[in-house]
> 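Have a look at the structure that comes next, please.
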Amino acid sequence: MKNLQLSIQGIEELPDYEVEQFAEEALFAKETLVEKRGPGSEFTGWVELPENYDKEEFARIKKAAAEIRANSKALVVCGIGGSYLGAAAAIDFLKGGMHNLKNAGPDGELQIFFAGNNMNPTYINDVLELVKDKDFSVNVISKSGTTMETSVSFRIFKKALEDKYGKEEAAKRIYATTDKQKGALKALADKEGYQTFVVPDDIGGRYSVLSAVGLLPIAAAGCDIDQLMAGAASMREEILGSEDDYNEVIAYASLRQQLYEWDRYIEIFVNYDPDLRMFAEWLKQLFGESEGKDGYGIFPASLNFTSDLHSMGQMIQDGERNIFETVINVRNTPKDIEIPAFDEDFDGLKYLEGKPVSLLNQTAIAGTQSAHLSGDVPQIYIEIPDRSEFSLGELFYFFEFACGVSAYTEGVNPFDQPGVEAYKKNIKEILARYQG
Ligand code: PA5
């Protein structure tokens, strides 16, 4: 039974609302995706993944995660783009964005640090500083095995491990997630005897969170990956198994296309929970790399409310009318806190004493939504009930599917990223002068 709820507001008032036509196109795109008839269909293995995954590898992932938790206080995950964003999103959402700080003490659980997602020496030094005096392990993740950011950070953490434990013991602490048979990382892993996990051939980076790419770090963080897969499977069943073709995914994907036609070419993913910040980063990559092609593409942005209402609120309320908002809300909060009482009413908020802060947050959602609606900002509202692995699995699968359908509706290949090569090529050409 699915948990996710979707509602839409502020559309009817807009001219030429043609939802039926767009829904028909989205339904056709859905069929194209499922029947593997569209461009890039060789990379649609993620569609079946929640049901059809390698169970033997899944068991090895759980075993490796338990091993890391038993012998390490920190795990450094080296990867970039699709090779880290899903795991970072899941861990922040399920364990809380402050999990590393909370686990910093000697009795803390495993800390997870992400490296390889930039080329900044201060950042790398900081991670090194944080792990070097602890027992730690490394999970290097790269499908190609040749991504510069990942490779450079891996060299640094491999050296730190080898200096600390010696080559043989270090090799036992390195877990490589890469292509099943080719590439530099696979060759190195085989030579040095690292445990390896597979990025499936038919799944691209930004659709890989439910493969070993995301699952190993997520399981190492102590999250229940069985439930994550169960949530994704439930959403898949909802999208593909129900008699009614017109479901939430179709509603969302078709509406995005309609809005784009109306020159709403910026989609702002909004949350009211700082622990969803990395989830929004995952969404930006998913939609940005999948749709931004051939001169087309809704620009994905993200804002964290209420914080960003104090920076971007003016622009949203009053700036150019080129935006729409997709709000992601978690209905139940695991921890609440009451507003304390004082004798004096020094801030005029005495009437709120004893009320839970969650009430204020939910009120902020309602108040902001109606303000933005009155400012002509269409609203898509997606709600999940809780911060569970099951709900997150639903959310991941929902957006992956919606993204595939949206891109096909517009006729672009959602599964390649030719534009990403331009900067890589330039860097390699400039660095070539250091060779020989
Ligand atoms: O979605 C994608 O395919 C990309 O974002 C890749 O995940 C990213 O470029 C990293 O590539 P690789 O895993 O080959 O190191």
Side-chain angles (χ1 to χ4, degrees), residues 33 39-47 49 76-90 114-119 124 138-158 174-189 194 196-218 278-293 297 300 302 396-397 399-404 406-407 412-428:
L33 179 63
S41 61
E42 64 278 25
F43 294 110
T44 52
W46 57 271
V47 174
L49 192 64
V76 180
V77 179
C78 300
I80 193 165
S83 289
Y84 101 99
L85 284 165
F114 291 94
N117 53 64
N118 61 67
M119 298 209 203
I124 300 174
V138 170
N139 180 199
V140 52
I141 309 175
S142 178
K143 183 170 185 173
S144 61
T146 54
T147 301
M148 177 93 60
E149 291 90 334
T150 306
S151 301
V152 167
S153 70
F154 177 55
R155 276 178 171 253
I156 290 167
F157 289 98
K158 170 177 154 61
I174 296 175
Y175 301 80
T177 307
T178 188
D179 190 274
K180 76 169 177 302
Q181 49 197 22
K182 58 179 190 303
L185 181 55
K186 174 64 179 157
L188 178 74
Y194 306 154
T196 56
F197 298 90
V198 172
V199 189
D201 285 343
D202 56 358
I203 299 180
R206 57 194 173 276
Y207 295 84
S208 68
V209 59
L210 300 173
S211 76
V213 171
L215 295 179
L216 179 55
I218 295 170
M278 287 308 294
F279 187 80
E281 295 302 312
W282 177 81
L283 282 172
K284 279 172 10 191
Q285 190 216 3
L286 179 69
F287 283 95
E289 263 188 12
S290 298
E291 290 189 318
K293 283 161 204 169
S302 68
F396 275 135
Y397 194 83
F399 279 113
E400 285 179 358
F401 206 96
C403 183
S406 292
V412 300
N413 177 355
F415 308 116
D416 64 0
Q417 54 283 329
V420 179
E421 294 311 311
Y423 98 95
K424 290 190 192 167
K425 187 168 156 280
N426 286 351
I427 292 180
K428 283 191 178 145

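First listed ligand is number 1; within each ligand, the first listed atom is number 1. Numbers for residues simply follow the sequence, beginning at 1.
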> Are any non-hydrogen side-chain atoms of S83 and T147 less than 4.5 angstrom apart?
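No, every pair of side-chain atoms sits at 4.5 Å or beyond.
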> Taking the six-membered ring for Trp, are F396 and F279 parallel (under 30°), tilted (30 to 60°) or perpendicular (over 60°)?
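Rings of F396 and F279: tilted, 30 to 60°.
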> Do the rings of F287 and F399 sit parallel, tilted or perpendicular, given the 30° and 60° boundaries?
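F287 vs F399 ring planes: perpendicular.
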> Provide the closest heavy-atom pair for C78 versus V138 in the form atom of the first, atom of the second, distance.
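In terms of heavy atoms, the two residues are closest at SG-CG1, 4.2 Å.
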> Donor-acceptor pair, Y397 side chain versus V47 backbone, under 3.5 Å?
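Pair found, side chain donor or acceptor close to backbone of V47.
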> What protein heavy atom sits nearest atom 9 (O) of ligand 1, and how far off is it?
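Nearest neighbour among protein heavy atoms for atom 9 (O) of ligand 1, to 0.1 Å: K424 NZ, 4.4 Å.
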> Where is the nearest protein heavy atom to atom 3 (O) of ligand 1: which residue, which atom, and how far?
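Checked against all protein heavy atoms, atom 3 (O) of ligand 1 sits closest to G205 N, 3.4 Å.
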> Going from CG on D201 to NZ on K143, what distance comes out if it is rounded to the nearest 0.5 angstrom?
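D201 atom CG to K143 atom NZ measures 6.5 Å (nearest 0.5 Å).
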> Taking distance alone, with no angle check, do G82 and ligand 1 share an N/O pair under 3.5 Å?
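For ligand 1, there is an N or O atom that lies under 3.5 Å from one belonging to G82.
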> Would you check the N or O atoms of R206, main chain and side chain alike, for any that come under 3.5 Å of an N or O of ligand 1?
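Among all N and O atoms of R206, at least one is under 3.5 Å from an N or O of ligand 1.
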> Specify the protein heavy atom at minimum distance from atom 2 (C) of ligand 1: its residue, its atom name, and the distance to 0.1 Å.
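For this ligand atom, the closest protein heavy atom is E289 OE1, 3.4 Å.
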> In the protein, what heavy atom is nearest to atom 5 (O) of ligand 1, and what distance, to one decimal place, separates them?
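I find the closest protein heavy atom is Q285 NE2, 2.5 Å.
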> Among all protein heavy atoms, pick the one closest to atom 10 (C) of ligand 1 and tell me residue, atom and distance.
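Of the protein heavy atoms, I80 O, 3.3 Å lies nearest.
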